Amino acid sequence: MAFSFFLPLFFSLLIFVSSSSNSLLLPISKDNITQQYLTTLSYGTPFVSTNVVVDLSGSFFWLDCSSRKISSFSLRTIPHRSLQCLTAKSHSQTWLSNLEENHVDQDYPCEILPKNTITGKLATKGNLVEDFVAIQSNKDSIFKPTHDFLFTCSNTLLLNGLSNHAKGIVGFGRSRTSFSSQFFNSMDSQRKITFCLSSSSGFVLLGKSKNFESENFRSLTFTPLVTNQNMEYLINVNSIKIGGKKVSFNTQSLSQEGYGGTLLSSILPYTTMQSSIYENFKSAFLKAALSMNMIRVPAVAPFEICFGSKGIDESQIGPNVPIIDFVLQSEMVKWRIYGRNSMVRVSDDVMCLGILDGGVEQKNPIVIGGYQLEDVLVQFDLDNSMVGFSSSLLIKDTSCSNFIFDSMDVQSS
């Protein structure tokens, strides 16, 4: 079965909140057909469990509300002259600008056009609403309403391109309307978001748990977050090394003004680079691979660089291929990518480099995609504007799917 949606029993299929630690944990699973990461939210009155695509840097939370077979009694439409509407509009260019002129009624709906960040398509209509989200007591199985969350109700057409299981997209970016920002604004909690993606089951943790004192969390390497107009998560990559050798290209191209530097994304399945960067990167990787006696074979879409698997040694961190380093603020601070996160096995005999040409018009010089984020702890410290990341957890013989959750005290098994 390509998509393992039913997670292990220690994952609730609804949001699980610890009132003592003011933290929130959501399980994440991967749809291996679409390469999308999903979580499950429960909202409305009565509560309905709804699967949504996780957008790590996303600014908004939207749902196909028509997919609910039972109307929510607690759903409230946000009026267009409200503070909530103005806040949502400050993070979006996709509202109907003539509303203020044509509709003076205070109760007229706040119309925001949500975007499918997978396909880039905009909805033709959408209303900003708020409704209850469910929490589960850690002492019983009674689900109780918590504070309202703002989200946009869209139409079913916007679901095109999403996993068949998904009914919307939930964003965890830095905008005031993202799901995570709304949680932090309603709870007395540390503004920390920890992602741990996996090819099977992972998690996102909002706030802090006792596990932040564990070895895996204490060993994170931190780098400054870069601010951009879209309130996304970006870091500065100053150089790239392959097999310990620096790739030669125009350094300024890695940190462009306006869109900042390297974007961290759970929406793109694989890392992409602007064409000018990718060409030099590709040449350097091929040179390093051939020096290791790797044999290039015909490309397999969407990948451009593929190799025969025969004769390549395997270890717990994947095939023995040239190591890729994204060098950050200094030579001592590196995001290291081993074979598990660089190579994609497309058959028993062929594996391909999971880093692609993003084209000449890609806004960010580099976008680190979901595959490269798997089995890496990534923590966003919003109060200090830093992002921490671990080495591949596979080095320590664990993974994001091996974390056990008990009353929000996260412990790796």
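What you see is a predicted model, and the numbers here were worked out from it, not measured in a lab. Counting begins at 1 with the first residue of the sequence. Basis for what follows: all heavy atoms, side chains included, without hydrogens, waters or symmetry-related copies.
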Will you find, in the side chains of Asp357 and Ser275, an N or O donor that is under 3.5 Å from an N or O acceptor? yes
Is there a side-chain contact between Pro114 and Phe61, using heavy atoms and a 4.5 Å cut-off? no
Gap between atom CG of Asn364 and atom CG of Leu234 - 0.5 Å precision: 5.5 Å
How about Asn155 and Thr124: does a side-chain donor come under 3.5 Å of a side-chain acceptor? yes
Any carboxylate oxygen within less than 4.0 angstrom of a Lys/Arg side-chain nitrogen, looking at Glu331 and Lys241? yes
Does any non-hydrogen side-chain atom of Val52 lie less than 4.5 Å from one of Ile169? no
Do Glu374 and Ser198 pair up side chain to side chain, a donor and an acceptor below 3.5 Å, judged on atom types alone? no
Are Asp383 and Arg191 ion-paired here, with the side-chain N under 4.0 Å from a carboxylate O? yes
Short N-O contact, Asp349 and Lys310, less than 4.0 angstrom: no
Arg68 charged N/C atom sitting above Tyr43 aromatic ring, 6.0 Å / 45°: yes
With heavy-atom distances below 4.5 Å as the criterion, would you say the side chains of Thr39 and Pro27 are in contact? yes
Check ion pair Glu111-Lys89 (N to O, under 4.0 angstrom): no
Are side-chain N/O atoms of Thr272 and Gln362 paired as donor and acceptor at under 3.5 Å? yes
Under 6.0 Å from the six-membered ring centre of Phe380 and within 45° of its axis: does the NZ or CZ of Arg174 meet both? no
Indicate the atoms forming the closest heavy-atom contact of Tyr338 with Ser392, along with that distance. CD1-CB, 4.2 Å
Can you name the nearest heavy-atom pair linking Lys192 to Asp381, along with the distance? CE-OD2, 3.7 Å
